[in-house]
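All of these numbers come straight from a predicted model, not from anything done at the bench. A note on names: the letters A, B, ... follow the listed sequences, proteins ahead of strands, and every chain is numbered from 1.
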Amino acid sequence: MTTIDPSLFEDLQARGLIAQTTGGDALTEYLAEGGRTLYSGFDPTADSLHIGHLVPLLALKRFQQAGHKPIALVGGATGLVGDPSFKAAERKLNTPDIVAGWTQKLKDQVSRFIDFECGDNSAEVVNNLDWVGQMNVLDFLRDVGKHFSVNNMINKESVKQRIDREGSGISFTEFTYMLLQSYDFAELYKRYECTLQIGGSDQWGNITGGIDLARRMYGGEAFGMTLPLVTKSDGTKFGKTESGTVWLDPDKTSPYAFYQFWLATADADVYKFLRYFTFLPMAEIVEIEEADRAGEGRPQAQGVLAREMTALIHGVEGLQAAERITDALFSGSLDQLGETDLMQLKLDGLPSSTLSRGDLGEKPLTQWLVDAGMAASGKQVKDALGRDAVLINGEAISFERNLDAQACFAEELARYQRFYIVKLGKKKYHLFEVL
RNA sequence: GCAGGGGUUCCCGAGUGGCCAAAGGGAUCAGACUGUAAAUCUGACGCGAAAGCUUCGGUGGUUCGAAUCCACCCCCCUGCACCA
């Protein structure tokens with residue numbers, strides 16, 4: 001028997017991780033009484049999860065640590081349809097084979113966060129295509145559709161803007177999404193006695209739909225709980241950087257970039273993020289917060305957050321790699337880097353490219369940097385050049401030298417005859433190896 | 001199918017024959033200030049180092065000149081019709 005941690009709910013509450021629940025106190029008691037089975041769904045809308053998915057994913061882990069059995073559902077079926085909840089416009093459908101590929105990737109990713117070998121409350125990963133894919137239309141309409149009232153569905157807040165707003169609309173396909181997700185819950189209730197679904201607060205409508213359906217189809221009592229949508233104090237979208245979404249896949253977002261993302265968290269958000277994302281005990285987080293408030297200068301919270309998150313997602317090795325690069329680049333000791341250090345930085349995920357010395361004359365510096373992905377356009381590089389914001393191995397490059405890339409990457413400037421660390425702006429680094 | 005309204009640069013959204021690479025806002029990037037924060041200020045923001053080149057759903061026209069006018073086509077929205 002696994003032991004149940006009765007303080008789970010309290011902890012979640014203290015972390016601000018509970019947006020809404022059904023059942024009120026009944027749910028708290030229900031969870032405290034014994035090991036329960038819960039699930040959260042992840043639709044394959046890309047080939048990787050991103051940090052926006054972390055809150056529900058880590059919540060599954062929190063429940064598991066407290067003794068409950070988590071099920072991660074990957075939406076091989078729902079991903080084919082598209083969730084309209086709070087989306088401004090209809091989405092493009094992806095082909096079944098693409099979605100199938102993504103489903104597999106997400107399954108692998110999700111699996112790394114929950115424990116599959118811990119006895120009674122071992123995790124499960126399921127794919128809703130396994131049951132939805134078999135179903136025929138008439139069964140669906142008769143067994144599932146009959147339990148839903150269109151009148152209620154169109155009144156859901158999550159689809160309201162699609163219904164009300166001039167210039168938008170919703171297809172029957174997306175409108176039906178809620179039925180599929182509800183059916184998932186009912187099915188998991190039947191198969192695993194899964195009685196709790198968690199998800200982002202945008203999922204409230206879909207979750208309550210599932211609770212109702214489980215009751216109507218099987219007479220079961222089920223619960224729902226939503227987690228807050230992560231917002232930033234400045235109103236911009238969480239999880240995006242200049243280079244795009246922050247993915248969990250290290251091939252899409254390197255551990256270094258991942259680490260840097262968390263390190264750049266605004267003061268106004270950092271303590272909230274420590275609560276939301278890390279497994280540090282609440283007491284410790286409060287301590288950090290108080291220490292920062294009392295101390296002068298730069299707070300320590302961002303560093304803690306970055307280390308915790310990078311270790312959690314990319315393991316200790318990923319964290320070490322990220323820290324190696326960060327130390328090398330930001331502690332002002334570029335000169336101290338040896339040849340092997342430079343090569344290691346490349347392996348660690350510092351963005352890098354290899355150029356051929358003979359080709360350098362072909363393009364101006366701006367173009368080389370754009371090609372390397374350091375800037376979106378030559379204009380941006382030009383702007384930086386004019387402000388002495390482009391450094392090659394520590395030396396500022398003036399605008400006039402732009403045309404002569406040969407001279408910018410002169411041999412006598414090279415480290416170990418071939419390495420150049422180019423810095424654009426305050427934070428963007430790129431390692432060029434010129435052979 | 002018919003009628004009406006739309007499709008503008010990342011997003012929102014002005015522009016209805018030249019002064020338009022296209023207002024304004026947001027986002028983003030860079031600089032100053034800082035702590036690899038925030039706020040604020042400054043600059044950039046279709047592509048190009050530049051000369052210049054390419055854009056306003058698509059194609060073809062009218063015109064010295066089109067995002068703006070015309071024709072056809074594609075797509076979206078609303079209503080009506082069809083389904084009855």
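In this structure, of B/rA39, B/rA49, B/rG31, it is B/rA49 that holds the atom nearest to the side chain of A/N402. Listed candidates were B/rG43, B/rA38, B/rG35. Nearest to the side chain of A/A266 is B/rA38. Side chain of A/L424, nearest nucleotide from B/rA30, B/rA49, B/rU36: B/rA30.
Interface remark: the A/Q260 side chain does form a donor-acceptor pair with the B/rU36 base, using a distance-only criterion of under 3.5 Å. For B/rU34, its base sits under 3.5 Å from the side chain of A/K426 at one donor and acceptor pair at least. One N or O donor and one acceptor, one from the side chain of A/D267 and one from the base of B/rG35, sit under 3.5 Å apart.
Dashed line: the shortest gap from a side-chain N or O of A/R298 to OP1 or OP2 of B/rU36 is under 4.0 Å. An OP1 or OP2 oxygen of B/rA50 is reached within less than 4.0 angstrom by a side-chain nitrogen or oxygen of A/K382. Look at A/K379 and you won't find any side-chain N or O under 4.0 angstrom from OP1 or OP2 of B/rU28.
Per the geometry, NZ belonging to A/K272 stands 16 Å off C1' belonging to B/rA37, to the nearest Å. One can place CE of A/M374 at 13 Å from C1' of B/rA30, the figure rounded to the nearest angstrom. Summarising the geometry, the separation between CD on A/Q380 and C1' on B/rC10 is reported as 12 Å, rounded to the nearest angstrom. Following rounding to the nearest Å, A/L385 (CG) and B/rG48 (P) show an atom-to-atom distance of 13 Å. One atom, CZ of A/F399, and another, P of B/rA44, lie 14 Å apart when rounded to the nearest Å. Atom CG in A/D383 sits about 15 Å away from atom C1' in B/rG48, given to the nearest Å. Atom CG in A/L263 sits about 9 Å away from atom P in B/rU36, given to the nearest Å. Atom OH in A/Y259 sits about 13 Å away from atom P in B/rU36, given to the nearest Å.
Residues A/H430 and A/S353 have side chains that bring a donor and an acceptor to within less than 3.5 angstrom of each other. Residues A/D83 and A/Q203 have side chains that bring a donor and an acceptor to within less than 3.5 angstrom of each other. Residues A/Q367 and A/E362 have side chains that never bring a donor and an acceptor to within less than 3.5 angstrom of each other. Side-chain contact check for A/N128 and A/T78: at least one donor-acceptor pair (N or O, by modelled atom type) lies under 3.5 Å.
Map A/Q302 and A/S377 each onto its nearest nucleotide of RNA chain B; the residue landing nearer the 5' end is A/Q302. Where A/Q367 and A/D388 each meet RNA chain B at their nearest nucleotide, the meeting point lying more 5' is that of A/D388.
Nucleotide B/rC53 is matched to B/rG46 when pairs are restricted to Watson-Crick or G-U wobble geometry with both distances under 3.5 angstrom. Taking a pair to require two hydrogen-bonding distances under 3.5 Å in either a Watson-Crick or a G-U wobble arrangement, B/rU78 pairs with B/rA3. When both distances must be under 3.5 Å, the Watson-Crick or G-U wobble mate of B/rC41 is B/rG31. The nucleotide B/rG18 finds its pairing partner in B/rC64, both defining distances of the Watson-Crick or G-U wobble pair being shorter than 3.5 Å.
Across every non-hydrogen atom of A/A396 and A/L391, the tightest pair is CA-CD2, 3.3 Å.
Rounded to a whole angstrom, the distance from the C1' atom of B/rU55 to that of B/rC10 is 15 Å. Look at the C1' atom in both B/rC41 and B/rC47: the space between them is 30 Å, to the nearest Å. The separation of B/rC45 from B/rC69, taken at their P atoms, amounts to 29 Å, rounded to a whole angstrom. B/rC12 and B/rA3 have their C1' atoms separated by 29 Å, given to the nearest Å. Rounded to the nearest Å, the gap between the C1' atom of B/rA23 and that of B/rU68 is 16 Å. Comparing B/rC64 with B/rU59, their C1' atoms sit 23 Å apart, to the nearest whole Å. If you take atom P in B/rC70 and the same atom in B/rG4, they sit 14 Å apart, rounded to whole Å. With P as the reference atom, B/rG5 and B/rC53 are 38 Å apart, rounded to whole Å.
To the nearest 0.5 Å, atom CG of residue A/N393 and atom CZ of residue A/F419 are 10.5 Å apart.
Residue-level contact check: A/T326 touches the bases, meaning some heavy atom is under 4.0 Å from a base atom.
Between A/E411 and A/R418 no salt bridge is recorded (no basic side-chain N to carboxylate O distance below 4.0 Å).
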